[in-house]
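Below is one structure, written out as structure tokens, with a few remarks after it.
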Amino acid sequence: MTVNTIPPVDLVRQYKLISDDIDRAVLEVVRSGRYIGGTVVSDFEQQLAQYVGSSYCVGCNSGTDALYLALRALNIGAGDEVITTPFTFIATAETISLVGAKPVFVDIARDTFNIDVEALEAAITPQTKAIIPVHLFGQPMNMTRIMEIAQKHNLYVIEDCAQATGAKWDDKIVGSIGHIGCFSFFPTKNLGTCGDGGAVTTNDEAIAQTMRVIKEHGSAQRYYHDVVGINSRLDSIQAAILQVKLRYLDRWNEQRREIAQHYHQLLTPIPGIQLPQEIRGGYHVWNQYTILVENKSNPDTTTRDNLRDKLQEKGIISMIYYPIPLHLQKVYQSLGYQEGAFPVTEQVAQEVLSLPMFPDLSPEEQEQVAYALKDYCS
Ligand SMILES: *Cc1c(COP(=O)(O)O)cnc(C)c1O
């Protein structure tokens, strides 16, 4: 008997379905000799701007660079505070630190994994310049509340859309609602390329131009440098691949939604397991399907960790995003947060388990996952 391994994500399966288009797009760039910039990049920027519903889009090297460019363009730096979530990938906070500002964390809501909007206002000080809401796992934030709070306190909003390309809040695609939207095209994101890539979107022409200048070594005109910039390019080959994949994004997001729904049916109800829910008013694009496994073990090994091991024995690979909240990371010791500062985040970090999730995951594979999960929990 062969044991079928079910990976958390299978990029080859997706490639095989569109390999003719991808191969052609890549070879066209290789044969053109134009490897940096060119219309292949500017066309993709236009297509993404149109898709998101923003006036401007600037491609860059990664989602991390996108966040950095956004913060720089808004002139955020030393002495400034930026509010975000402690339950996200490090890049969100790291870029705040890189521009010299201070990350200020706010606890999350257990049912959305995103910033608890009701706790947000208490974190605002005279130094606060911006909020970075993260649409974690593909779940959009309540952007209506975020924008209300931002307007009231005169703050910028930078949306971290890295895990949520195509997600919607109130029928608007995320990245078009705040002042700047930041996207990552890391291979496992909803719109992932065959390498690194990122982009920023905005409706503000001046901000768009500033981000373009900063990502091109601080120059609007070649060899004239006005500010300290970086080199952050969306490669032509990646842009060509992304042009192909953008055409499939809506279909893939729909497939993710069907898979989430199927998981929900298969896993309802299992005592001790809390299933993820779509926030009302949102269109969730399920970069991750993340359950909460209530802890019944001693503090050394959580029930979640035991379940993860059991699934692995059956060839099912699940993931933990994220095991250590950012306020408890060594790099942020200097911020002075203690254990217990964000109780929801800290508990969730012990309980989260992301099940296999990608558009081409089969119903049979999902049944296998559900069977193994139920078997462990009964
Ligand atoms: C992936 C990710 C980033 C960074 O994107 P890269 O392209 O890997 O630099 C930023 N924020 C979040 C929430 C992410 O998941």
Side-chain angles (χ1 to χ4, degrees), residues 8-9 11 44 48 57-72 82-99 103 105-106 108 112-115 130-141 143 146 157-167 169 174-175 178 180-201 211 215 230-235 237-239 241-242 245 253 256 284-290 319-327 329 331-332 345 348-349 352 354 357-358:
V9 46
L11 298 172
F44 172 70
L48 189 72
C57 170
V58 179
C60 62
N61 179 253
S62 67
T64 307
D65 280 5
L67 289 159
Y68 175 82
L69 291 170
L71 289 157
R72 282 286 310 276
V82 178
I83 296 175
T84 193
T85 163
F87 195 62
T88 176
F89 181 59
I90 183 72
T92 316
E94 182 179 45
T95 44
I96 298 171
S97 305
L98 274 174
V99 300
F105 299 119
V106 172
I108 61 167
T112 63
F113 300 120
N114 284 330
I115 290 176
I131 307 168
I132 306 187
V134 179
H135 308 293
L136 200 75
F137 303 151
Q139 170 94 284
M141 281 234 48
M143 288 304 294
I146 295 277
V157 175
I158 299 169
E159 292 180 73
D160 184 338
C161 309
Q163 299 184 11
T165 308
W169 172 257
V174 299
I180 301 177
C182 298
F183 293 86
S184 166
F185 309 126
F186 185 81
T188 60
K189 312 285 174 159
N190 291 47
L191 180 62
T193 189
C194 304
D196 274 310
V200 284
T201 53
M211 291 192 287
K215 73 153 214 148
I230 57 172
N231 168 21
S232 185
R233 299 179 183 121
L234 178 62
D235 281 344
I237 284 181
Q238 305 303 347
I241 292 167
L242 286 164
K245 288 195 168 195
N253 281 342
R256 287 176 184 274
H284 195 322
V285 293
W286 301 99
N287 184 252
Q288 299 297 333
Y289 187 88
T290 303
M319 304 295 284
I320 297 169
Y321 305 115
Y322 297 92
I324 303 170
L326 297 189
H327 67 288
Q329 294 282 354
V331 63
Y332 284 130
T345 296
V348 158
V352 278
S354 296
M357 168 54 90
F358 51 96

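Both ligands and their constituent atoms are indexed starting at 1 by order of listing.
- Contacts between S62 and ligand 1 below 4.0 angstrom, taking non-hydrogen atoms only, involve backbone and side chain alike.
- Neither the backbone nor the side chain of D65 has a heavy atom within less than 4.0 Å of ligand 1.
- In this structure, a donor-acceptor pair under 3.5 Å is absent between the side chains of Q139 and T112.
- Ring geometry for F137 versus F113: interplanar angle over 60°, hence perpendicular rather than tilted (30 to 60°).
- Of all atoms in ligand 1, numbered sequentially from 1 with element shown, those under 4.0 Å from a heavy atom of T92 are 11 (N).
- F44 has its ring centre less than 6.0 Å from the ring centre of F185.
- Where the criterion is an N or O separation shorter than 3.5 Å, residue side chain and backbone included, T64 meets it with respect to ligand 1.
- Among the atoms of G63, some N or O lies under 3.5 angstrom from an N or O of ligand 1.
- In terms of polar-atom proximity, defined here as any N/O pair under 3.5 Å, Q163 does make such a contact with ligand 1.
- No side-chain donor-acceptor contact under 3.5 Å links H327 to the backbone of P86.
- Between the N190 side chain and the G138 main chain, no donor and acceptor come within less than 3.5 Å of each other.
- A donor-acceptor pair is defined here as one N or O able to donate and one able to accept, closer than 3.5 Å; such a pair exists between the side chain of T84 and the backbone of I132.
- In this structure, the protein non-hydrogen atom closest to atom 1 (C) of ligand 1 is K189 NZ, 1.6 Å.
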